[in-house]
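Just so it is clear, the model here is predicted, and its values are computed rather than measured. When reading the values below, keep in mind they use all heavy atoms of this one structure, side chains included, and skip hydrogens, waters and symmetry mates. Note on naming: letters A, B, ... go to the chains in the order of the sequence lines (proteins, then strands), and numbering restarts at 1 for each one.
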Amino acid sequence: MTDLKSRLTTVVSDAFAQAGLPAELGRVTASDRPDLADFQCNGALAAAKAAKANPRALAEEIVAILKPDPMFAAVELAGPGFINLVLSDATLSLRANAIAEDPRLGAGLEPAPRRVVVDYGGPNVAKPMHVGHLRASIIGESLKRLFRFRGDEVWGDAHFGDWGFQMGLLIVAVGDEQPDLDFLADGDGPFPSESPVSLADLERLYPLAAARAKTDLEYRDRARKATAELQGGRPGYRALWRCFVEVSRTALEREFSALDIEFDLWNGESDADPLIAGMVAELEAKGLLELDQGARIVRVAKDGDKRELPPLLVVSSEGSAMYGTTDLATIVDRRNRFDPELILYVVDQRQADHFEQVFRAARLAGYAAEDGLEHIGFGTMNGPDGKPFKTREGGVLKLHDLIEMAKDKARERLKDAGLGAELTEQDFEDTAHKVAVAALKFADLGNFRGTSYVFDLDRFMSFEGKTGPYLLYQAVRIKSLLRKADVEGHAAGEVVVVEPAERDLTLALDAYEAALAEAYARRAPNLIAEHAYRLAQTFSKFYAACPILVAADAKSRASRLRLAKVTLDQLDSALRLLGIETPERM
RNA sequence: GCGUCCGUAGCUCAACCGGAUAGAGCACUCGCCUUCUAAGCGAGCGGUUGCAGGUUCGAGUCCUGCCGGACGCGCCA
């Protein structure tokens, strides 16, 4: 199962070799001029430059070699030395049938599967998720699915923020409010397993405590002491902390699942904590630690650097672990548990320096291979003013509220379309939810992750043009068509490509593999989104140009039905990789 | 100050190792529902790719300088 582009690259590379030219110049790409050809090769231009020869003459030689191959309808020399390739209808028909019969819908596998950890989401105990978590979650989930689909063994890890000073703050805050709690007692317990606080309590108390600790030094010291005692293993604090973690995690999982985001692991910062002491000793033994201004650091600057990268702080002058320490220990933890060949950190681009420090330290310590750690940075989601998104009041918008806003819009639009009357309330709600999630995710994943984008709910939910709802609409249309075909007793049959719209649709289907391979290589889900949109649009043109159920003859109806079915399946596959589900009706 | 990223149509974004006529969507104009969902399809309008040089047969893409913007730069995460 090979896509046309790869197959053509092989064929044309062989022709280059036959002509005595470097085979790697035979790279074939989709044509820039669809009016002239299906595919093209620009290698003759590069070959001519290297050999100081006439590009047209070289290209002519290649054309002569390729021309007899019956897979082509035409092979032509154009412009300064482009080789234009037009495939025969028979070649395209063959390919369309192959994709239709392929359980992977034309998508390939990576030749050498790896063990990969995707670190994304980054939720924290007691903190409600806000819009900042949206990108990390959506992009990470998509990369996890993509890597898994390409054949890697993948663990998605939420990397739960369940440790550190915030926990001490919460213990103090809860203790002040409920001074009679059993958990506050010294000694070994036993302590209740029932949580004395709800998530709402935690979310209420945390910001207050954090603010107070900034100005009230006595309060801050109590929180620090509580943090130290918790980390030292004080049983009552541990038991209380476990309640915080459980209450938070349950609520967060519910929120993530509303976005179809599911983690394989909820390993927290607390899981890495027990490894820190040993790790520090090991770094010491390896001679990597240095005492500087009272702190223990690893110098990570390199000779070629354009600017001196600050050292990684492993132990602060107060003797505590920093977030870089935890990240480093987490690498050790993952190595021990899974021995991953690659760890992807899907985290805001602004933390690029931090990860560079951690990665360099990890390599120096031998915890990871040179190419085993990657920061997958992304830009911010901005408000209309171009600054990171805030509510009208200037606060952060909770993720939950954002999703509700999107669902309200979706309900409104579905009612306008008269769908409310057709569906049961449950189906209606389900569809509204899917439409809202598709709108949000497609708006996010449609852009390259590295660039920031402006959040504009009206535009995302406009249900027109290049949006999530448009893609769902195309999928739903096909589902409806197939239901009708079923009722009328029409079956799909062999694809025979005749019409231009059928050619274009086949070429669009074939491009799935190239899009996925590129998305994988560049860790860029927007290329999947781009493909899905192209496919949907190409189908829509086909739908308008080629009657399916009322086709002129039974053979062409069967052929078009199969094209419609495989388009739906591939669209569904691509959307699933983006984390988007399609409803039955809309 | 140093460093990273960015500047493409009125707006939001593409452009596959440097290749043909820089592409989509929105907005605007026009056409298309007595055939399968018009949340659609077709056509049109819209560009000195921030500015100035350079390399090349060929530059949005590579190099240099400048202008403008975002972000980061040791004990928060």
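Across the interface with RNA chain B, nearest-nucleotide mapping of A:K5 and A:V476 shows A:K5 to be the residue nearer the 5′ end. Sequence order on RNA chain B of the closest nucleotides to A:R350 and A:G294 puts A:R350 first from the 5' end.
For A:S316, the listed nucleotide lying nearest its side chain is B:C75; candidates were B:C36, B:C17, B:C75. Of the candidate nucleotides B:C16, B:C36, B:G19, B:G19 has the atom nearest to the side chain of A:N42. Side-chain atoms of A:Y533 lie closest to B:G25 of the nucleotides B:G25, B:U37, B:C75. For A:Q293, whose side chain is taken as the heavy atoms from C-beta onward, the closest listed nucleotide among B:A20, B:A24, B:G74 is B:G74.
For A:R449 and B:C5, the CZ to P distance is 14 Å, given to the nearest whole Å. The nearest whole Å value for the distance from the CG atom in A:L313 to the P atom in B:C73 is 13 Å. Residue A:E530 contributes atom CD, which lies 10 Å from atom C1' of B:G25 at whole-angstrom precision. In this structure, A:L445 atom CG and B:A14 atom P are separated by 13 Å, rounded to whole Å. Rounding to whole angstrom units, CG of residue A:N447 and P of B:A15 are separated by 11 Å. Atom pair A:Y512:OH and B:C16:P shows a separation of 22 Å (rounding to whole Å applied). The CG-P distance, from A:N382 to B:G69, rounds to 16 Å in whole Å. Distance, A:N526 CG to B:A24 P: 18 Å, rounded to whole Å.
The pairing partner recorded for B:G3 is B:C71, the criterion being a Watson-Crick or G-U wobble arrangement whose two distances lie under 3.5 angstrom. When both pairing distances are held under 3.5 Å, B:C32 makes a Watson-Crick or G-U pair with B:G40. Base-pair partner of B:C66: B:G50 (Watson-Crick or G-U wobble, both distances under 3.5 Å). In this structure, B:G58 forms no base pair with any nucleotide, since neither Watson-Crick nor G-U wobble geometry is met with both distances under 3.5 Å. Base pairing annotation: B:G23 forms a Watson-Crick or G-U wobble pair with B:C13, both donor-acceptor distances under 3.5 Å.
At a threshold of 4.0 angstrom between heavy atoms, the contacts of A:D32 include nucleobase atoms, whether or not backbone atoms are also involved. Contact annotation for A:E488: no contact, since no heavy-atom pair falls under 4.0 Å across all strands. The residue A:T326 sits apart from the nucleic acid: no heavy atom pair falls under 4.0 Å. A:A48 comes within 4.0 angstrom of no nucleic acid atom, judged by non-hydrogen atoms across all strands. The residue A:A295 sits close to a base: some heavy atom pair falls under 4.0 Å. Among the protein residues, A:V550 comes within range of the nucleic acid bases, having at least one heavy atom under 4.0 Å from a base atom. Counting non-hydrogen atoms under 4.0 angstrom, A:L309 reaches nothing in the nucleic acid. Among the heavy atoms of the strands, none lies under 4.0 Å from A:R534. Residue A:C41 is out of contact with every strand shown, counting any heavy-atom pair closer than 4.0 Å. A:V315 comes within contact range of no nucleotide atom at all, as no heavy-atom separation falls under 4.0 Å. Using a 4.0 Å heavy-atom distance criterion, A:A30 is classed as a base contact. Here A:Q349 lies out of heavy-atom contact (under 4.0 Å) with every strand.
In this structure B:C36 sits in the anti conformation; its chi angle is more than 90° from 0. The glycosidic torsion of B:C33 lies within 90° of 0, placing the base in the syn range.
Salt-bridge annotation for A:K466 and A:E530: present, with a side-chain N of the basic residue lying under 4.0 Å from a carboxylate O of the acidic one. Of the charged side-chain nitrogens involved, none lies within less than 4.0 Å of a carboxylate oxygen, so that A:D510 and A:R7 do not count as a salt-bridged pair. For A:D305 and A:R360, the salt-bridge test passes: some basic side-chain N is under 4.0 Å from an acidic carboxylate O.
Using a 4.0 Å cut-off, some side-chain N or O of A:K306 falls inside it from OP1 or OP2 of B:U4. Between B:C6 and A:T451, no contact under 4.0 Å exists linking OP1 or OP2 to a side-chain N or O.
The gap from the P atom of B:A59 to that of B:U49 amounts to 12 Å, rounded to the nearest Å. Taking atom P in both B:C62 and B:A14, the straight-line distance is 15 Å, to the nearest Å. For B:C5 and B:G42, the C1' atoms lie 40 Å apart once the distance is rounded to whole Å. Across the C1' atoms, B:U61 and B:G1 are found 31 Å apart, a figure rounded to whole Å. Remark: the separation of the P atoms in B:G60 and B:G18 is 13 Å, to the nearest Å. Nucleotides B:G58 and B:A22 place their C1' atoms 15 Å apart, quoted to the nearest Å. B:C16 and B:G7 have their P atoms separated by 13 Å, given to the nearest Å.
The base of B:A20 lies close enough to the side chain of A:N84 for a donor and an acceptor atom to sit less than 3.5 Å apart. Residue A:D305 places no side-chain atom within donor-acceptor reach of the base of B:C2, judged by atom type and a 3.5 Å distance cut-off alone. If you check distances only, the side chain of A:K49 does reach the base of B:G58 with a donor-acceptor pair under 3.5 Å. Within 3.5 Å, a donor on the side chain of A:D292 pairs with an acceptor on the base of B:G74, or the reverse. In terms of polar N and O atoms assigned as donor or acceptor, the side chain of A:R307 never comes within less than 3.5 Å of the base of B:C73 in a complementary pairing.
For the pair A:R411 and A:F428, the NZ or CZ position fails the cation-pi test of under 6.0 Å to the six-membered ring centre and within 45 degrees of the ring normal.
Remark: ring of A:F82 stacked against base of B:A20; centroid gap under 5.5 Å, plane tilt under 30°.
Between A:W163 and A:W241, the two ring planes are perpendicular [angle over 60°; tilted spans 30° to 60°]. Between A:F460 and A:F455, the ring planes lie perpendicular to each other; the angle is over 60°, past the 30° to 60° tilted range.
Looking only at atom types and distance, the side chain of A:S270 has a donor-acceptor partner in the side chain of A:D162 under 3.5 Å away.
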Dump every N/O contact between nucleotides 39-44 of chain B and the protein below 3.5 Å, one line per pair.
| from | atom 1 | to | atom 2 | distance (Å) |
| --- | --- | --- | --- | --- |
| B:A39 | O3' | A:F463 | O | 3.2 |
| B:G40 | OP1 | A:G465 | N | 3.3 |
| B:G40 | O3' | A:S540 | OG | 2.9 |
| B:G40 | O2' | A:R477 | NH2 | 3.0 |
| B:G40 | O2' | A:S540 | OG | 2.9 |
| B:C41 | OP1 | A:Y470 | OH | 2.9 |
| B:G42 | OP1 | A:K541 | NZ | 3.3 |

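At least one donor-acceptor pair under 3.5 Å links the side chain of A:R449 to the backbone N or O of A:R523. A:S317 places no side-chain N or O within 3.5 Å of a backbone atom of A:G294 that could act as its donor or acceptor partner. Remark: side-chain polar atoms of A:R557 are not paired, donor with acceptor, to backbone N or O of A:A552 under 3.5 angstrom. With hydrogens and angles disregarded, a donor-acceptor distance shorter than 3.5 Å links the side chain of A:E502 to the backbone of A:E499.
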* To do: Would you sort out whether A:R135 and A:D348 count as a salt bridge (charged side-chain N to carboxylate O under 4.0 Å, His left out), showing the intermediate values?
  => CA-CA 9 Å; A:R135 297 212 74 188; A:D348 193 311; over 6 Å; no

